[in-house]
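Below: the structure, in structure tokens.
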Amino acid sequence: MSTNLKVTLGALAVALVAVLGVVLVNRATSPQPSAAVDAAVRADSHRLSTAPDGKVTVVEFLDFECESCLAAYPHVEKLRAEYADRITYAVRYFPIESHPNAFNAAHAAEAAARQDKFEEMYVKLFDNAQAWGHNQQSQTATFEQYAQELGLDMAEFRADVASPEVKARVQSDFTDGQALGVQGTPTFFINGEKFTGDPTYDGLKAAVDELLAQ
């Protein structure tokens, strides 16, 4: 074998190793779909529906006192009604500091969740948001009324609302949202990707349908 041929083959081998190295690094560092979904929804996140096949997961970071969240709420409910268990729909807390009762509302929802009534409280808070929202006075008594209407153990509910565990749970969602780039509400993630379209029934439906068709 000539010296020139040996040099050429050696150079090709080095180039091949370099290319393989780049491919392996990219595969190792590129986020996989499942990892992206895991970042947007945790094992303890509240799911309003669960798809057995896990094909499509929609996550909403919301503030119960947010007017835009309230505007999106009927669109979300229509989507949930249509797709039922064909999609996983998860809700995460992102209370905004400037909303006087956003944290109280999130704590009320989480306290209800600890008695397996998250969805019922979620509906109560949004259905009645015009009555309690953007009120400078504390709405603790209002949320307690909702809890009573849902048949919750009131001593347990009050203790949970004020507990450090519930506070930490709400803060955990908020911290995850910040890490994911959430800056306002509602912010949606679909299969781990931030949804940038209009948060309407048609906008969300189009994104869901595209993934279900794959």
Side-chain angles (χ1 to χ4, degrees), residues 37 40-42 44-96 99 101-135 139 142-143 145-152 170 173-174 177 180 182 184-213:
V37 173
V41 60
R42 301 289 185 182
D44 65 350
S45 295
H46 299 304
R47 292 160 174 78
L48 301 181
S49 65
T50 301
D53 62 9
K55 191 171 184 178
V56 178
T57 297
V58 180
V59 180
E60 179 185 2
F61 282 83
L62 60 76
D63 175 335
F64 288 107
E65 200 168 10
C66 165
E67 291 180 351
S68 295
C69 292
L70 180 59
Y73 170 64
H75 299 280
V76 167
E77 292 302 279
K78 184 176 179 181
L79 186 81
R80 290 208 300 126
E82 178 175 344
Y83 288 89
D85 60 356
R86 294 172 62 202
I87 64 172
T88 296
Y89 198 95
V91 171
R92 305 196 68 184
Y93 307 115
F94 201 83
I96 294 172
H99 294 161
N101 283 282
F103 284 90
N104 287 347
H107 286 207
E110 182 57 27
R114 293 179 181 231
Q115 296 188 48
D116 298 321
K117 293 287 187 179
F118 174 80
E119 183 172 359
E120 290 84 348
M121 183 60 83
Y122 159 90
V123 170
K124 278 275 188 190
L125 290 169
F126 273 128
D127 281 353
N128 297 282
Q130 296 285 8
W132 66 263
H134 299 288
N135 199 319
Q139 297 299 298
T142 300
F143 301 150
Q145 178 187 334
Y146 297 160
Q148 286 180 321
E149 291 171 0
L150 294 176
L152 301 186
V170 172
D173 272 9
F174 187 85
L180 289 164
V182 176
T185 55
T187 295
F188 294 87
F189 290 84
I190 303 180
N191 283 5
E193 295 291 329
K194 185 183 286 189
F195 175 70
T196 58
D198 292 329
T200 61
Y201 166 76
D202 289 336
L204 293 167
K205 175 181 169 61
V208 167
D209 283 344
E210 181 178 352
L211 290 170
L212 286 175

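Both backbone and side-chain heavy atoms feed into the values below; hydrogens, waters and symmetry mates do not.
D127 approaches Y73 most closely through the heavy-atom pair OD1-OH, 3.0 Å. For P186 against C69, the heavy-atom pair with the smallest separation is N-SG, 3.5 Å. A pairwise comparison of heavy atoms in A108 and F143 identifies CB-CB, 3.9 Å as the closest pair. Closest heavy-atom contact between P199 and F188: CB-CE1, 3.5 Å.
For K124 and E120, the salt-bridge test fails: no basic side-chain N is under 4.0 Å from an acidic carboxylate O. Between R80 and E119, at least one side-chain N (NZ, or NE/NH1/NH2) sits under 4.0 Å from a carboxylate O, which counts as a salt bridge.
Under a 3.5 Å cut-off, the side chain of S49 and the backbone N or O of I87 do form a donor-acceptor pair. When atom types are taken as modelled, the side chain of N191 and the backbone of T57 share a donor-acceptor pair closer than 3.5 angstrom.
Note that CZ of F64 is 5.0 Å distant from CG of L62, once rounded to the nearest 0.5 Å. Taking CG of L70 as the start and NE2 of H134 as the end, the distance is 8.5 Å to the nearest 0.5 Å. Note that CZ of R92 is 4.0 Å distant from CZ of F61, once rounded to the nearest 0.5 Å. Atom CZ of residue R47 and atom CG of residue D44 lie 8.0 Å apart, to the nearest 0.5 angstrom. Atom CG of residue N135 and atom OG1 of residue T142 lie 8.0 Å apart, to the nearest 0.5 angstrom. We find the CD1-OH distance between I190 and Y89 to be 8.5 Å, quoted to the nearest 0.5 Å.
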Q) Checking side-chain contact (heavy atoms from CB on, under 4.5 Å) for the pair K205/H75: CA distance, chi angles, key distance, verdict? A) CA-CA 10 Å; K205 175 181 169 61; H75 299 280; over 6 Å; no
Q. How far apart are the C-alpha atoms of V76 and L79, what are their side-chain angles, what is the distance that settles it, and do they pass the side-chain contact (heavy atoms from CB on, under 4.5 Å) test?
A. CA-CA 5 Å; V76 167; L79 186 81; 5.6 Å; no
Q) Between E110 and H46, does a side-chain contact (heavy atoms from CB on, under 4.5 Å) hold up when you go through it step by step? A) CA-CA 9 Å; E110 182 57 27; H46 299 304; 2.7 Å; yes
Q.
Run L180 and K194 through side-chain contact (heavy atoms from CB on, under 4.5 Å) and show every step you take.
A. CA-CA 9 Å; L180 289 164; K194 185 183 286 189; over 6 Å; no
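Checked against the 6.0 Å centroid threshold, F195 and F189 do not count as a close aromatic pair.
Residues D209 and Y83 have side chains that bring a donor and an acceptor to within less than 3.5 angstrom of each other.
Pairs engaging residues 60-75 under the salt bridge (charged side-chain N to carboxylate O under 4.0 Å, His left out) rule: none recorded [sequence neighbours left out].
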